[in-house]
Amino acid sequence: MASTTTTTEVQRGETPTGRAHGAGLQYREARAGYLFVLPFLVVFVAMLVVPLVYSGYLSFFRVQLIGGNAFVGFDNYVRAVQDNTFIAGVLRMVQFLVIQVPIMLGFALLFALVLDSGRLRLKRFVRLSIFVPYAVPGVIAALMWGYLYGRNFGPFAQFARDLGTTAPNFLSRDLMLYSIMNIVTWSFVGYNMIIMFAALRAIPSEVYEAARVDGAGEIRVAWSIKIPAIRPALLLTTIFSVIGTFQLFNEPSILATIAPNVIGIGYTPNLYAYNIAFIGREVNYAAALAFLLGFVIMIVSYVVQLGALRKERAS
Amino acid sequence: MRTNQRRAAIASALAAGSLVLAACGGGGDGDGDGGDGDAAPAEEITQEEFDEAMSTPTELTFWTWVPDIQNQVDMFMEAYPEIDVELVNVGAGAEHYQQLRTALQAGSGAPDVAQIEFQHLQSFRVTDDLLDLAPYLPDDLGDMFPEWVWQQVSDGDSVYAVPQDTGPMGNLYREDLLSEAGIEVPETWDDFAQAARDFREANPDSYLTNLPGNDPGQLVGLMWQAGARPFGYDGEETVTIAVDSPEVRQVVEFWQDLVQDDVVGVDADFNDQWYQGLANGKYASWQTAAWGPVFLQGTAGNTSGKWRAAPLPQWSAGENVAGNWGGSTDVVLNQSDNPIQAAELARWINIEHEPALRFATEQFLFPASTEILEDPEWVEQESEFYGGQRVNELFAEISGTVSTDMQWLPFMDFAYSAFNETLGDAISQRGDMVAGLEAWQAELVSYAEGQGFTVE
């Protein structure tokens, strides 16, 4: 919860500064601050900035099995924006985003509100059970669902057989994307719920009392007070989900072992970059794809944020 | 674990193929041997050099994913007490190659000896990472293997790997299901097609066989049998890509009819559903490699006694030709500081009788060397799973009928992944396989040209 609030504050640019009393003290405080941040900074630079810069550098070159290394400028990027497999992967993720993210966040919000209403017994137990799937590693989750979806041995298939029908083939071309949406939703509803729930707990209770005096019921309170009050948390979870969606990798890559011809090398953009690097051995092109994907994510996140801001101003 | 099993199987399986460097028949063009840059063949090492090296305390690193290979390594260290071998398993198949390539590119950290499947040898040769073993190995080593096996690891006078196991292909079938349906074991592919239709008619819920859309190794093995030579590499800058040649088309068109008429299955292989299909009779046969019989035993244990093994159906009656699917080699990498000891490790565990026999009898690798292929202790084993049949003997005979001159591209991992996107995709959708084949050809050509190769 703490991290939620700080992040949102930072986003709004409201971080309180200038608490210092004198220049000397300010200097000493600042020095201590840098000292504390140093370990993080070292790891951040070594593990994120340096590799990022390096792969940016790589993306401007081209290594061939025959002919070696050459500087090619933006060639890799030009190739990427014309690469149908890459574009299809990005569009598939857009489709994923438009369908899955609202469903997932809708459930998360609903659960958070129900929990916050205090009308539940076994509140802790329920909260934990919704959160537990998030604690299951993505790879394990995909393996587990892969089994559940199975056409011969999966429980859905067996149940359908007992009823004398056949279950839909969850791993077919038509349904695969929705099957993956289901896995991701299952995994991340709890995580998003916790963020929203934490934000809800931070609303001062006087507001509710006032609302109640005015005669507002639970649903009215949720709609008119709670949801507007946690808008920053909603925005945060939306942006996290957007980023997560475009980076989808584990689930399709595990399910590809069960349905290899359904999930091709370019099913998601991340999977594509990985396959280009390690199967096609075109590290430079993969770097360019990764950067381009990063830009796509930045743009979409920015659009989401802009939309939210506009709404805030309007209201 | 399942994946590992699969990978191991495939590994062994796929391995077969690669190196044919064997400057095949057609390529008489001056045969770049001389101009090979680094080709200046090293001097044959002398007995003194060898003895000195083997009695100098040395540490070797060996990357492999063969199960229980510690046995062979221990035997080696007993024979050469000064040599200390560290065995590392960095993963099977693709994972292994990724790590190996990374280490090689980094310039340090690569092992002295590494396992590489036949069809991937060229992809390490093109980056000049394989040590030419010719100076380190006995001159007559080539005589110890069937001709086609030796061709896979040698090019002219150069030797790039010591063969470990192979996968000559045969036909495993459910004797009970076939005789129930009144079907004779097909001797030609024409018989096979008819048998597939008859079987399907008699058993609407199952198929005579399954053709996976995700397993290029199997289909390429069948092309190999048909005399197709879809790939080629001259060891320098020229590759041959002929996956739409008439011989390949013959194979693909044969399967196209069966696939389109729904008389063979098209399920992806090496996953749970497929294992079940083998165990519950959904597929009544499996055209597989010599590592298949033991693999099947582990997968479909409940059907023990019902299976039999036979050679592959032939393209013309009376012929006796096979292809190969899988198998591995051990190579010494150029980075190694101890080439003599490393080469001896690769040779010793695969050639010396005791360790090599143990590979065959305990680890169930299908032997590459003629000596083990003829060893009575192995040949005469009777397999209960196959109704007491001498399966080893049969496959040993098949090994002698694998046709020679098969070659590979120096980028088979891409080639196989492109197969899944094109021809494999067509198979899995029961679509137009010939169009898939043409798409595969186009992808390979464009990749090869993008990588700077001359395409023939």
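On a predicted model such as this, the values are computed, not experimentally measured, just so you know. Below, read A as the first sequence line, B as the second, and so on, with proteins coming before strands; counting in each chain starts at 1.
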Looking at side-chain heavy atoms only, is the closest gap between Val434(B) and Glu438(B) below 4.5 Å?
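Answer yes - side chains close enough.
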Count the heavy-atom pairs under 4.5 Å between each of Ala268(B), Gly213(B), Pro212(B), Ala448(B) and chain A, then report the option with the highest count.
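When all of Ala268(B), Gly213(B), Pro212(B), Ala448(B) are compared, Gly213(B) has the most.
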If you count heavy-atom pairs within less than 4.5 Å of chain A, which of Gly450(B), Gly277(B), Ala418(B), Pro410(B) leads?
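Sorted descending by pairs with chain A, the first entry is Gly450(B).
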Nearest 0.5 Å, what's the CG-CD distance between Asn210(B) and Gln218(B)?
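So the CG of Asn210(B) and the CD of Gln218(B) are separated by 8.0 Å.
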Short side-chain donor-acceptor distance under 3.5 Å, Asn182(A) and Tyr149(A):
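Present: a donor and an acceptor within the cut-off.
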Would you mind telling me which of Arg173(A), Arg151(A), Glu282(A) has the largest number of heavy-atom pairs within less than 4.5 Å of chain B?
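Of the candidates given, the most pairs with chain B belong to Arg173(A).
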Measuring heavy-atom distances to chain A, does [X] have an atom under 4.5 Å in its side chain, in its backbone, in both, or in neither?
X: Gln273(B); answer: both
X: Glu237(B); answer: both
X: Tyr97(B); answer: neither

Is there a donor-acceptor pair closer than 3.5 Å between any side-chain N or O of Gln115(B) and the backbone N or O of Trp65(B)?
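Checking the backbone N and O of Trp65(B) against the side chain of Gln115(B), a donor-acceptor pair under 3.5 Å is found.
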Tell me, for Val262(A) versus chain B, whether the close heavy atoms (under 4.5 Å) come from the side chain, the backbone, both or neither.
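Neither part.
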Hey, what's the ring geometry for Tyr272(A) with Tyr285(A), parallel, tilted or perpendicular (30° and 60° as the breaks)?
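The rings of Tyr272(A) and Tyr285(A) stand perpendicular, inter-plane angle above 60°.
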Mind checking whether Tyr283(B) and Trp274(B) have parallel, tilted or perpendicular rings, split at 30° and 60°?
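Ring orientation of Tyr283(B) relative to Trp274(B): tilted.
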